[in-house]
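The structure under discussion appears below in the form of structure tokens.
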Amino acid sequence: MLERKPRSLRLLVLGLVGFSLAVFTVVLLAIFYTAMPKMLLQSESRYLAKQLDVVEGLLRTAMHNTYAMADDVGIREGTVRFAQGENPDYIRSNWPDVSMLQTYHLNFVVIRDLDGKVLHQEFFDYVNNRPQLAP
């Protein structure tokens, strides 16, 4: 009879370690490819929500400041007289060097009388840093 050679324990352990490593790698990659897109999407959603909150706060502040400025200018006696047609030099006398837009950092200002007729309008392009015509 042929004599069987005993197998080496070293080869057996090496085979088990190799097999375990392959199984671990497959499981890890499967988890990685299924979990990572969800994690990235959640992370981006949180980031977008925070950015939207920041923008909403900035817009709310800008609207509040605009309303405050309109209230401030609208209740002045000179503004009321200008709207009634009694003070035609109101804009030039109150903002002689710098326009109302640049003073209040607005893109446009429209002042109307009680009938809706436009008494004064200014539009300013801050990108090109120049006044522009009304659309």
For Val109 and Phe124, what are the C-alpha separation, side-chain angles and deciding distance, and is it a side-chain contact (heavy atoms from CB on, under 4.5 Å)? CA-CA 9 Å; Val109 170; Phe124 197 82; over 6 Å; no
Heavy atoms only: give me the nearest Leu106-Thr66 pair and the separation to one decimal. CD2-OG1, 3.9 Å
With heavy-atom distances below 4.5 Å as the criterion, would you say the side chains of Gln84 and Val80 are in contact? yes
Is the shortest heavy-atom distance from the side chain of Phe123 to the side chain of Asn107 under 4.5 Å? no
Would you say Leu11 and Leu16 are hydrophobically clustered, going by side-chain heavy atoms of ILVMFWY under 4.5 Å? no
If the condition is side chain to side chain donor-acceptor pair (under 3.5 Å), which residues does [X] pass it with, not counting sequence neighbours?
{"X": "Asn65", "value": "none"}
{"X": "Arg92", "value": "Asp89"}
{"X": "Asn128", "value": "Asp125"}

Keeping to residues at least two apart or across chains, list the side-chain hydrogen bond (donor to acceptor under 3.5 Å, both in side chains) pairs with something in residues 51-62. Glu56-Arg60
With sequence neighbours excluded, what pairs up with Asp113 under the salt bridge (Lys or Arg N to Asp or Glu O under 4.0 Å) test? none
Mind checking salt bridge (Lys or Arg N to Asp or Glu O under 4.0 Å) for Arg112 and listing every partner two or more places apart, or none if nothing turns up? none
Value rounded to 0.5 Å, distance of CZ in Phe108 from CD in Gln132: 11.0 Å
Once you round to the nearest 0.5 Å, how far does CD1 of Ile75 lie from CD of Glu77? 12.0 Å
What pairs meet the ring-ring contact (aromatic ring centres under 6.0 Å, His included) rule with one or both residues in residues 45-89, with sequence neighbours excluded? Phe82-Tyr90
If we ignore hydrogens and angles and just use 3.5 Å, is the side chain of Ser43 paired with the main-chain N or O of Met39 as donor and acceptor? no
Short question: side chain of Thr79, backbone of Val73 - any donor-acceptor pair under 3.5 Å? yes
Members sharing [X]'s hydrophobic cluster (side chains within less than 4.5 Å):
{"X": "Val27", "result": "Phe19, Val23, Ile31"}
{"X": "Val55", "result": "Leu59"}
{"X": "Leu48", "result": "Leu52"}
{"X": "Phe24", "result": "Leu28"}

With Phe32 via ring pair (Phe, Tyr, Trp, His ring centres under 6.0 Å) - residues at least two apart: none
Steps toward side-chain contact (heavy atoms from CB on, under 4.5 Å) verdict (Ile91, Ile111): CA-CA 10 Å; Ile91 301 296; Ile111 299 176; 3.9 Å; yes
